[in-house]
Amino acid sequence: MKVAITYDNGEIFQSFGHTEQFKIYEVNDGMITDMQIVNANGKENGALSGFLAQAKTDVLICGGIDDNAQTALANAGIQLYGGMSGSADEAIVAYVAGILNHSPNA
């Protein structure tokens, strides 16, 4: 499973539509097995959803995200954890442990 987090300098970037990087984690059998930072290449909201789908992302953890982007992610089959802030690495650890608190209406 692939989990992408909007990323900036170790933190969850607060605007999905303006993120320049994602930190993408590979999670297998409840363990983080790989991680990479990828550039979003100047894509915006709609294109970012396609970018994540093309990368075979299963889950997105992010800060703020608008309704159109939420719909595009849902249509791509990507589960959303919005309204998040803080350390990207702490968020993935909480996600893997099943204790990530999020705001579904972010």
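This one's a predicted model, so the numbers in the text were calculated from it and none came from an experiment.
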Is the side chain of K2 donor-acceptor paired with the backbone N or O of A55 at a distance under 3.5 Å, no angle test?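 Yes; at least one donor-acceptor contact below 3.5 Å.
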Looking at Q14 and I12, would you say the former's side chain and the latter's main chain have a donor-acceptor pair under 3.5 Å?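 Flag set: sc Q14 to bb I12 pair under 3.5 Å.
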For the residue pair [X] and [Y], establish whether any side-chain heavy-atom pair is separated by less than 4.5 Å.
X: V38; Y: F51; result: yes
X: I78; Y: S49; result: no
X: L100; Y: I61; result: yes
X: F22; Y: I5; result: no
X: F16; Y: D66; result: no
X: I65; Y: L80; result: yes

Please list, chain by chain and in numerical order, all residues satisfying side-chain contact (heavy atoms from CB on, under 4.5 Å) with S15, sequence neighbours excluded.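 With sequence neighbours excluded, S15 shows a side-chain contact (heavy atoms from CB on, under 4.5 Å) to F13, H18, given in chain and number order.
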Partners passing side-chain contact (heavy atoms from CB on, under 4.5 Å) against V96 (at least two apart in sequence or in another chain): V27, I32, I92
Are there over 12 heavy-atom neighbours, none belonging to N28, within less than 6.0 Å of that residue's CG?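 Yes, the 6.0 Å shell around CG holds more than 12 heavy atoms from other groups.
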Test: salt bridge (charged side-chain N to carboxylate O under 4.0 Å, His left out). Region: residues 29-41. Which pairs qualify, not counting sequence neighbours?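 Listed once each, the pairs would be none.
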Residues which pass side chain to side chain donor-acceptor pair (under 3.5 Å) with E26, listed by chain and number, not counting sequence neighbours: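 Once residues adjacent in sequence are excluded, E26 has no partner under the side chain to side chain donor-acceptor pair (under 3.5 Å) criterion.
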Residues at least two apart in sequence or cross-chain that pass ring pair (Phe, Tyr, Trp, His ring centres under 6.0 Å) with Y7, listed by chain then number, are none
Can you name the closest pair of heavy atoms from M1 and V59 and give their distance?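 Shortest heavy-atom separation between M1 and V59 comes out as SD-CG2, 4.4 Å.
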Please report the shortest heavy-atom distance between I24 and A4, naming the atom on each side.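 Nearest heavy atoms, I24 then A4: CG1-CB, 4.0 Å.
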When rounded to the nearest 0.5 angstrom, what distance separates OG1 in T57 from CG in L73?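 CG of L73 is found 9.5 Å from OG1 of T57.
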What distance separates T6 OG1 from D8 CG, expressed to the nearest 0.5 Å? 9.0 Å
Would you be so kind as to tabulate the donor-acceptor pairs closer than 3.5 Å made by side chains of residues 82-91, with sequence neighbours excluded?
unit_1: S87; atom_1: OG; unit_2: D89; atom_2: N; d: 3.3
unit_1: S87; atom_1: OG; unit_2: E90; atom_2: N; d: 3.1
unit_1: D89; atom_1: OD1; unit_2: K23; atom_2: NZ; d: 2.8
unit_1: D89; atom_1: OD1; unit_2: Y25; atom_2: OH; d: 2.5
unit_1: D89; atom_1: OD2; unit_2: K23; atom_2: NZ; d: 3.4

